[in-house]
Amino acid sequence: MDCSDGSHPKMIRGTIIPADFYKSDDVVAIAQQLLGKVLVFQTERSKVAGCIIETEAYAGITDKASHAYGGLLTKRTEVMFREGGIAYVYLCYGLHALFNVVSSARNTPHAVLIRGIIPLEGLDIMESNLGRKVNIVKDGIGPGRLTRLLGISKALNGVRLDGAAGLHISDYGIQIDAEAIISCPRIGVAYAGEDALLDYRFKVDVDYAIGQIKKGSPELRPASL
DNA sequence: AACAAGATTAACT
DNA sequence: GTTAATCTTGTTA
């Protein structure tokens with residue numbers, strides 16, 4: 001049984017990533033550095049958390065795969081143009097909420113798509129979100145799957161990632177070695193011409209990540225592992 | 001005003 | 001391997 005009233009003394013482990021982290025212009029570096037960090041979403045009644053294991057960088061107005069390519073400013077992309085450190089959540093294919101971290105300065109619409117997590121905390125909430133038992137490996141991998149698992153919806157579009165709206169990213173001391181990061185082209189961006197070839201997708205092996213989670217945060221092991 | 005395509009997924013054959 | 005589900009936006013008329 002989890003204590004879900006938010007005041008559990010044992011829960012204080014992670015350090016919320018400072019606002020400055022998100023202000024860098026180097027969206028590729030941010031995408032890499034987010035691997036191993038912990039995405040947390042909590043409300044008064046619930047808390048869920050997962051270790052980020054897959055990301056993609058979208059490099060603003062010069063990247064043909066980016067929604068903000070060419071400086072395209074619409075109701076949907078508007079949050080990408082704000083100062084880094086907020087969430088960009090949009091509906092993909094009319095069905096799936098996709099969660100991105102907006103980075104860089106105002107009017108530099110860089111973003112990192114979170115594509116995979118390993119569930120760490122709040123398995124009971126996740127099970128409720130899915131309406132069935134959680135598969136620790138499968139249910140957190142896929143940009144649409146992880147938002148459903150964590151309960152992240154478009155309602156969180158534009159919120160700061162400092163925890164004020166319940167959403168934040170923390171460093172729990174999970175170490176991801178540079179050699180463990182696999183780079184490859186992004187998924188589903190064939191329309192982006194030569195930019196579809198860029199190695200802007202970053203991930204780590206699931207088993208490696210689980211090992212590093214156990215090493216870095218012994219008490220916070222992936223549930224059921 | 002109508003239509004196609006998209007940073008996807010689950011359920012089929 | 002194929003396809004249905006179905007919202008936002010740009011393009012075409």
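Numbers restart at 1 for each chain; the letters A, B, ... are given by sequence-line order, proteins then strands.
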Side-chain heavy atoms of [X] within contact of [Y], under 4.5 Å:
X: A:Leu34; Y: A:Phe202; value: no
X: A:Val89; Y: A:Phe99; value: yes
X: A:His110; Y: A:Ser24; value: no
X: A:Leu149; Y: A:Val134; value: yes

d([atom1], [X]; [atom2], [N]) in whole Å:
X: A:Ile141; N: B:dT8; atom1: CD1; atom2: P; value: 15 Å
X: A:Lys138; N: B:dT9; atom1: NZ; atom2: P; value: 13 Å
X: A:Leu72; N: C:dT11; atom1: CG; atom2: P; value: 8 Å
X: A:Lys75; N: C:dG10; atom1: NZ; atom2: C1'; value: 16 Å
X: A:Met80; N: C:dT8; atom1: CE; atom2: P; value: 17 Å
X: A:Asn157; N: C:dC7; atom1: CG; atom2: P; value: 17 Å
X: A:Tyr69; N: C:dT9; atom1: OH; atom2: C1'; value: 17 Å
X: A:Ile187; N: B:dT9; atom1: CD1; atom2: P; value: 10 Å

Side-chain contact check for A:Arg148: nearest option of B:dA10, C:dT9, B:dT8 is B:dA10
- Message: Need one value for A:Arg186: base, sugar-phosphate or nothing, where a base atom within 4.0 Å counts as base even if backbone is also close, heavy atoms only.
- Response: nothing
For this session: Assign A:Lys154 to base, sugar-phosphate, or nothing according to its heavy-atom contacts below 4.0 angstrom with the strands shown.
Result: sugar-phosphate
So, does A:Asp63 use its side chain to make a donor-acceptor pair with the main chain of A:Ala65 at under 3.5 Å?
yes
Check whether any side-chain nitrogen or oxygen of A:Arg76 sits under 4.0 Å from OP1 or OP2 of C:dG10, and answer yes or no. no
Worked verdict on A:Val40 versus A:Tyr172 for side-chain contact (heavy atoms from CB on, under 4.5 Å): CA-CA 11 Å; A:Val40 182; A:Tyr172 277 61; 4.3 Å; yes
Ring-face cation contact, A:Tyr200 with A:Arg186, 6.0 Å cut, 45° max
no
So CD1 of A:Ile86 and OG of A:Ser103: to nearest 0.5 Å the spacing works out to 10.5 Å
Expected list for residues 83-106 of chain A near DNA chain B, using heavy atoms below 4.0 Å, is A:Tyr90, A:Cys92, A:Tyr93, A:His96, A:Leu98, A:Asn100
A correct dot-bracket answer for DNA chain C, with pairs being Watson-Crick or G-U at under 3.5 Å, [ ] for crossing pairs and | for inter-strand pairs, is |||||.||||||.
So with a 6.0 Å cut-off around CZ of A:Arg160, is the heavy-atom count from everything else above 12?
no
